[in-house]
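Working notes for the structure below.
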Amino acid sequence: MPRFPLAILSMTVLAACGQPATQPPAEGAPAPVASEAAPPAAALNIYSARHYDSDKAMYAKFEELSGIKVNVREAGAPELLETMKAEGADSPADVIIVSDAGALYRFQTEGFTQAVRSDKLEAAIPAQLREKDGHWFGLSKRARIVVYDPQMLPTQEVDTYADLADERLKGELCVRSSTNIYNLSLLSEFISRNGSEAAEAWAKGVAGNFARPPEGGDTAQIQAVAAGQCAAAIVNHYYWVRLATGSTEDRLAAAKTSLSFPDQDGNGTHVNISGAAVASTSKSAELAVQFIEFLASPEGQVMLTSETKDFPVVAGVAYPEGLELLPGFKQSDFPLTELGANQAEAQAIFDRAGWN
């Protein structure tokens with residue numbers, strides 16, 4: 001508690017006692033008008049499944065440029081979805097940010113996104129990477145590739161996703177759990193392109209080639225390849241880039257591996273996005289769109305991808321450090337809005353295949 005000299009306190013009390021509590025207005029003067037409280041500062045509530053220090057700087061920059069206060073709630077996408085279900089129509093969320101179009105599909109089908117229009121977003125973001133009615137927008141892009149040990153496998157044995165199901169790789173594959181959204185989306189594209197029967201045969205073939213039961217994230221799969229525990233692994237490209245530009249130990253691990261961008265002679269490598277949606281509960285949809293437009297600006301794109309090592313989606317934006325280590329590649333043109341539709345079937349196929 002702050003302390004004041006006794007003399008000052010005494011003078012303050014005497015002055016207060018010697019004055020009436022209010023001064024009546026002079027005769028004929030207009031009655032005083034009570035001053036209105038200043039309107040609260042604009043604020044935006046963001047529910048984000050991203051967990052990067054660079055995002056804090058990104059939010060701070062948007063606050064600086066817009067004068068809009070940003071409040072952030074971070075959790076995994078499934079946890080955020082369950083939170084919004086519990087909150088219902090009273091959810092304070094304005095913007096939802098998650099990794100993977102399949103995850104955005106879940107929020108959309110549960111009724112937690114709203115369609116918005118933005119000429120800026122439609123001009124900046126390729127149609128393949130956004131929902132046609134504006135329910136969500138892809139803001140950064142990743143490729144699902146194969147990391148392999150060139151001392152154990154020749155390149156041609158991992159040229160395609162189909163190669164991963166070949167018996168030649170029996171006991172040689174590492175991969176994370178089938179419940180992970182990245183694997184669900186990969187199989188979802190496979191289902192749409194090749195049919196359910198072929199997708200199940202592929203999943204069974206891959207599961208039959210496991211070097212160990214699925215465990216850990218994508219970084220753990222790369223480290224397992226580097227350690228000789230398996231010959232190849234399915235991962236998102238940025239996990240390898242982070243190792244290749246990380247600590248000395250990480251760089252040494254990455255240096256023991258090579259990369260394959262599958263299906264270059266076919267449909268191209270599977271790609272996915274991190275993206276954002278305006279929450280259906282938002283009372284500040286215009287501010288939410290303004291924030292997403294910032295993320296699609298050149299400055300926002302750099303801040304969004306600098307730490308993650310994703311690819312920017314806006315043409316002309318400089319790539320993050322480390323992406324120069326990757327080769328140019330043909331990417332799949334599969335419409336990402338369709339990935340979510342096959343999720344339930346993909347999980348059922350994985351379960352029957354023993355890919356747990």
Side-chain angles (χ1 to χ4, degrees), residues 37-63 66-118 121 125 129-140 177 179-182 184-185 188 272-296 300 304 308 336-337 339-344 346-347:
L44 203 60
N45 298 312
I46 297 175
Y47 280 27
S48 177
R50 288 168 54 99
H51 313 282
Y52 300 100
D53 290 339
S54 57
D55 283 11
K56 296 180 177 65
M58 183 175 71
Y59 300 138
K61 186 62 177 180
F62 177 73
E63 287 181 333
S66 67
I68 299 169
K69 171 65 176 174
V70 174
N71 305 309
V72 182
R73 179 169 193 158
E74 290 185 354
E79 290 75 21
L80 291 175
L81 181 58
E82 290 305 313
T83 296
M84 294 190 72
K85 287 181 181 179
E87 293 169 339
D90 295 326
S91 175
D94 293 305
V95 178
I96 302 162
I97 302 177
V98 296
S99 298
D100 200 283
L104 287 163
Y105 175 88
R106 292 177 181 177
F107 282 89
Q108 181 181 350
T109 55
E110 291 287 350
F112 291 120
T113 66
Q114 61 175 289
V116 297
R117 291 298 305 274
S118 165
L121 293 174
I125 300 171
L129 307 181
R130 52 183 165 84
E131 203 277 329
K132 62 181 179 62
D133 294 321
H135 276 275
W136 51 261
F137 300 87
L139 295 166
S140 63
S177 169
T179 59
N180 178 261
I181 192 66
Y182 304 148
L184 287 171
S185 288
S188 291
N272 213 311
I273 49 102
S274 285
V278 177
S280 59
T281 57
S282 176
K283 307 301 189 294
S284 305
E286 290 185 5
L287 297 184
V289 170
Q290 185 178 338
F291 174 74
I292 298 173
E293 288 176 343
F294 166 70
L295 298 186
L304 190 72
T308 67
L336 300 190
T337 52
L339 291 180
N342 294 327
Q343 284 185 50
Q347 188 61 70

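Ring geometry for Phe291 against Phe62 counts as perpendicular: the plane angle is over 60°, on a 0 to 90° scale with 30° as the lower cut.
The structure places CG of Leu129 at 11.5 Å from OG of Ser274, a figure rounded to the nearest 0.5 Å. The distance from atom NZ of Lys85 to atom CZ of Phe112, rounded to the nearest 0.5 Å, is 7.0 Å. Here the straight-line distance linking atom NZ of Lys69 with atom CG of Leu287 works out to 14.5 Å at 0.5 Å rounding. Summarising the geometry, atom CG belonging to Leu44 is positioned 4.5 Å from atom CG belonging to Asp94; distances are rounded to the nearest 0.5 Å. One finds the CD atom of Glu79 at 9.5 Å from the CG atom of Leu81 (value rounded to the nearest 0.5 Å). For the atom pair NZ (Lys56) and CE (Met58), the distance works out to 10.5 Å, reported to the nearest 0.5 Å.
Between Thr308 and Arg50, the closest side-chain pair of non-hydrogen atoms falls below 4.5 Å. Tyr47 is listed as a side-chain neighbour of Pro92, based on a closest heavy-atom distance under 4.5 Å. The side-chain heavy atoms of Thr113 and Glu131, taken from C-beta on, include no pair separated by under 4.5 Å. Here the side chains of Asn45 and Arg73 are not in contact, with every heavy-atom distance at 4.5 Å or above. The closest side-chain heavy-atom distance from Thr337 to His135 is not below 4.5 Å. At least one side-chain heavy atom of Trp136 sits less than 4.5 Å from a side-chain heavy atom of Ile273. In this structure the side chain of Ser188 never reaches within 4.5 angstrom of the side chain of Tyr105, judged on heavy atoms.
The backbone N or O of Ser118 sits nowhere less than 3.5 Å from a side-chain atom of Glu293 that would complete a donor-acceptor pair. For Thr281 (side chain) and Ser91 (main-chain N/O), a donor-acceptor pair under 3.5 Å exists by modelled atom type. Under a 3.5 Å cut-off, the side chain of Arg130 and the backbone N or O of Ile125 do form a donor-acceptor pair. Gln343 places no side-chain N or O within donor-acceptor distance of the main-chain N or O of Leu184, the cut-off being under 3.5 Å. Counting only distance, with no hydrogens or angles, the side chain of Asn272 and the backbone of Ala101 share a donor-acceptor pair below 3.5 Å. Without hydrogens or angle criteria, Ser185 side chain to Tyr182 main chain gives no donor-acceptor distance under 3.5 Å.
Closest non-hydrogen pair, Leu104 versus Gly275, comes out as CD1-CA, 4.0 Å. A pairwise comparison of heavy atoms in Ser99 and Ile181 identifies O-CG2, 4.3 Å as the closest pair. Shown here for Gly111 and Ser280, the closest heavy-atom pair between the two residues is O-OG, 2.8 Å.
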- Test Glu110 against Met84 for side-chain contact (heavy atoms from CB on, under 4.5 Å), laying out the working first. CA-CA 10 Å; Glu110 291 287 350; Met84 294 190 72; over 6 Å; no

- Task: Show the numbers, then the answer: is there a side-chain contact (heavy atoms from CB on, under 4.5 Å) between Val98 and Arg106?
- Result: CA-CA 11 Å; Val98 296; Arg106 292 177 181 177; over 6 Å; no

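Looking at Leu121, Val289, Asp133 one by one, the single match for side-chain contact (heavy atoms from CB on, under 4.5 Å) with Val116 turns out to be Val289.
Side chains of Gln114 and Ser282: no donor on one and acceptor on the other come within 3.5 Å.
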